[in-house]
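Order of the sequence lines fixes the chain letters, A, B, ..., with proteins taken first and strands second; residue numbering starts at 1 for each chain. Treat the numbers as computed from the prediction; the structure is a model and nothing was measured.
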Number of protein chains: 2
Amino acid sequence: MTITMKDIAEIVGVSESTVSRAINNKEGVGQETRKEILKVAKKNNFQPNRLAQNLAKQETNVIGLLLPDIASLFYSDVARGVQDYATSQGYQVIVCNTDDDKEQEVNYMNWLQSNKVAGMIFLGGGLVNNQIVKLGLTDYPIVLANRLVEEVPLPSVIIDDTIGALKATEHLLDKGHDRIALLLGPNNSWQAQNRLQGYKRALKNRDIEYDQDLVIHKSWSREGGYQGFLELMELEEPPRAIFAADELMAAGVVEAIKLGGYFIPQDIAVVGFDDTVVTSVIDPPLTTVTRPMYELGERSAKKLLNLINEEEIKEEIEILESELIIREST
Amino acid sequence: MTITMKDIAEIVGVSESTVSRAINNKEGVGQETRKEILKVAKKNNFQPNRLAQNLAKQETNVIGLLLPDIASLFYSDVARGVQDYATSQGYQVIVCNTDDDKEQEVNYMNWLQSNKVAGMIFLGGGLVNNQIVKLGLTDYPIVLANRLVEEVPLPSVIIDDTIGALKATEHLLDKGHDRIALLLGPNNSWQAQNRLQGYKRALKNRDIEYDQDLVIHKSWSREGGYQGFLELMELEEPPRAIFAADELMAAGVVEAIKLGGYFIPQDIAVVGFDDTVVTSVIDPPLTTVTRPMYELGERSAKKLLNLINEEEIKEEIEILESELIIREST
DNA sequence: TTGTATGCGTTATCAT
DNA sequence: ATGATAACGCATACAA
């Protein structure tokens with residue numbers, strides 16, 4: 001049913017090579033012939049067979065994106081960034097969900113390679129495994145997005161939560177607060193560590209003593225935020241500023257504050273983390289740290305395409321900073 | 001760098017066809033030869049070139065998924081369902097974001113065709129345009145997911161919001177409420193129409209008169225829900241049960257109710273719509289209508305693969321029903 | 001059991 | 001300006 005160059009050649013009465021040249025806008029085809037060929041092609045809705053094309057050219061315009069779960073709010077945003085940039089440059093993206101499973105990851109790596117993708121982006125998922133390092137080092141174009149690599153450096157783009165947490169804390173400091181509570185998830189997580197670090201650094205910059213009692217680890221959830229707030233209120237001198245370093249926790253804190261009859265920000269100021277649809281259900285509009293997720297995708301894609309086209313890479317590791325959006329909760 | 005069958009053939013000292021047979025687990029290869037070939041293949045990490053493979057076999061194991069935006073909470077869940085089912089059957093998925101733009105859509109359709117995908121799923125995006133119908137009718141495997149088609153029927157899977165709304169209303173009726181408010185977005189939307197219809201049908205089933213005053217159209221947002229509640233409270237006899245047919249609106253309603261000093265569900269019962277991360281920040285846990293988004297993806301993928309493999313399709317149009325999850329807000 | 005030959009649809013290198 | 005031909009890597013029908 002689908003028409004090929006051979007067919008067109010037959011119809012027009014020329015050779016396949018001439019058809020190929022005409023279709024690909026190359027030199028060396030007569031005015032008339034070219035017009036005729038294009039006419040027939042359009043009329044029959046000719047679509048070149050990419051499989052054959054790629055096989056012959058020994059290259060493709062497809063890149064692979066491996067991530068834990070496309071259904072996650074965070075990753076889907078990044079994915080969109082990757083896709084938009086890639087397609088703007090004539091590339092297509094294949095998204096693979098690994099669920100943080102090493103085996104899945106390796107499977108996909110192999111599959112992508114056998115499909116001769118031009119390169120891959122590895123998004124999230126903790127540490128980089130050896131296979132990736134090996135692949136990336138044997139000059140296969142690979143970019144790491146928000147993912148850590150041990151020892152050997154690979155081209156990567158990451159978001160630094162530390163800066164965001166620093167900005168958030170500084171903002172509250174600027175508002176005149178000197179006792180700022182910090183709500184975090186379990187302290188074994190990389191995220192918690194970074195955000196805590198930013199918080200500490202902000203305090204240190206202002207010569208304010210770090211008070212262990214003001215830092216509370218709960219679960220990354222509404223309930224965690226809720227309970228965290230209750231704990232804070234039991235302190236002798238409860239804080240009047242809270243940095244809830246997670247959006248669900250922030251929602252819980254706001255909830256608890258209002259239920260307690262306090263006003264935001266008059267009685268207690270709140271800064272959250274992340275700015276997704278969850279934030280939109282919080283009232284008052286939340287001052288929050290926002291991570292450039294879409295941009296993370298864009299930059300990663302850009303870096304990968306640069307790598308593929310062997311253009312010069314300015315910085316091996318690119319660091320994006322999270323921003324503070326100031327709204328009405330502080 | 002990458003090894004081919006030809007290379008293996010040379011190393012082992014057999015012909016390419018023998019290598020092909022061995023690699024593909026086909027009959028007609030001697031014990032020893034096969035073992036030797038596989039050994040060499042494994043040692044050199046041989047990956048068959050899918051481009052060549054697919055070109056030769058004239059088929060691929062890739063399907064295309066066109067949707068408005070992968071970064072949307074709704075669509076990304078569906079996409080995950082498609083991917084999981086597809087990969088479980090040995091297929092890969094290419095996701096294309098169309099942003100509801102007809103032109104983009106057509107571009108992707110062409111691109112996917114020229115990549116010889118085995119089939120496509122069109123998710124969301126309102127009415128189906130003619131190009132799709134044409135493509136689907138000229139026996140190209142196509143499945144419509146939660147998308148409307150005029151006149152000509154195409155294999156499709158849809159979620160019926162009507163049923164969900166009906167169940168939600170019935171549930172409140174069962175709880176003894178006879179004056180149930182309904183909060184909706186702008187009434188020109190397909191969603192609003194369906195949910196209103198389900199609501200009406202539930203009332204009719206119980207011979208309860210439809211009261212126009214109890215149905216309020218606002219924006220699909222927290223603010224819309226909030227304002228809607230305030231309007232309801234101005235009625236002579238405010239309702240004590242509210243069906244907020246959108247998750248953001250539900251969040252706004254709950255917010256407003258609590259600020260008003262009422263208790264849920266003792267004073268006012270609330271049923272929401274959809275069950276995503278947004279729901280998780282609402283307290284008390286919300287009774288809500290949940291749409292089987294993941295399943296929508298799964299079923300669509302399954303139908304498409306059936307189509308591709310020319311198995312019999314039981315029902316041309318498959319209707320999934322939304323379910324009511326009963327929690328503590330009613 | 002194994003090898004030979006041909007084709008898949010396109011690109012690219014030669015001739016002409 | 002155009003055509004013949006080989007090549008891309010693999011599958012497969014047909015011979016041997």
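- Rounded to a whole Å, the CD atom of A:Gln47 is 15 Å from the C1' atom of C:dT10.
- When each of B:Ala52 and B:Glu27 is assigned the nucleotide of DNA chain C with its nearest heavy atom, B:Glu27 is the one assigned upstream, toward the 5' end.
- One can place CG of B:Asn54 at 15 Å from C1' of C:dG7, the figure rounded to the nearest angstrom.
- For the pair A:Gln53 CD and C:dC8 P, the interatomic distance rounds to 18 Å; values are reported in whole Å.
- Heavy atoms of B:Val14 sit under 4.0 angstrom from primed sugar atoms or phosphate atoms, though from no base atom.
- The number of heavy atoms from other shown groups lying within 6.0 Å of NZ (A:Lys6) does not exceed 12.
- The nearest whole Å value for the distance from the CE atom in A:Met5 to the C1' atom in D:dT2 is 16 Å.
- Checking B:Arg21 against B:Leu55, the closest nucleotide of DNA chain D that is more toward the 5' end is the one next to B:Leu55.
- Salt bridge A:Arg80/B:Asp99: present, at least one basic N to carboxylate O contact under 4.0 Å.
- When the side-chain nitrogen and oxygen atoms of A:Thr18 are compared with OP1 and OP2 of D:dT2, none of them lie within a distance under 4.0 Å.
- In terms of phosphate contacts, B:Ser20 brings a side-chain nitrogen or oxygen within less than 4.0 Å of OP1 or OP2 of D:dA11.
- Here the side chain of A:Asn24 is nearest to one of D:dC8, C:dT11, D:dT2, namely C:dT11.
- Not a single donor-acceptor pair, N or O on each side, falls under 3.5 Å between the base of C:dG9 and the side chain of A:Arg50.
- The minimum heavy-atom distance between A:Val62 and A:Tyr91, with the atom names listed, is N-CD2, 3.9 Å.
- Around CD of B:Glu316, the count of heavy atoms belonging to other residues, nucleotides or ligands within 6.0 Å exceeds 12.
- Annotation: of the two residues near DNA chain C, B:Ala56 and B:Gly28, the 5′-most nearest-nucleotide partner is B:Gly28.
- Listed pair B:Gln58 / D:dA11 fails the phosphate criterion, with no side-chain N or O lying under 4.0 Å from OP1 or OP2.
- If you check distances only, the side chain of A:Thr33 never reaches the base of D:dA1 with a donor-acceptor pair under 3.5 Å.
- Protein atom CG of A:Leu51 is 13 Å distant from nucleotide atom P of D:dA11, rounded to whole Å.
- Across the protein-nucleic acid pair, A:Ile3 atom CD1 and C:dT10 atom C1' stand 15 Å apart, rounded to whole Å.
- One N or O donor and one acceptor, one from the side chain of B:Ser17 and one from the base of C:dT4, sit under 3.5 Å apart.
- Tested against B:Thr18 for a side chain to side chain contact (heavy atoms under 4.5 Å, CB included), the candidates B:Ile23, B:Ile37, B:Ile8, B:Val12 yield a single pass: B:Ile37.
- Among the protein residues, B:Thr4 comes within range of the sugar-phosphate backbone only, with heavy atoms under 4.0 Å from sugar or phosphate atoms but none that close to a base.
- Nucleic acid contact class of A:Lys26 (heavy atoms, under 4.0 Å, all strands): sugar-phosphate only.
- B:Lys57 places its NZ atom 22 Å from the P atom of D:dC8, with the value rounded to the nearest Å.
- No more than 12 heavy atoms of other residues, nucleotides or ligands lie within 6.0 Å of NZ in B:Lys35, so this atom counts as exposed by the packing criterion.
- Distance A:Glu16 CD to C:dG7 P: 12 Å, rounded to the nearest Å.
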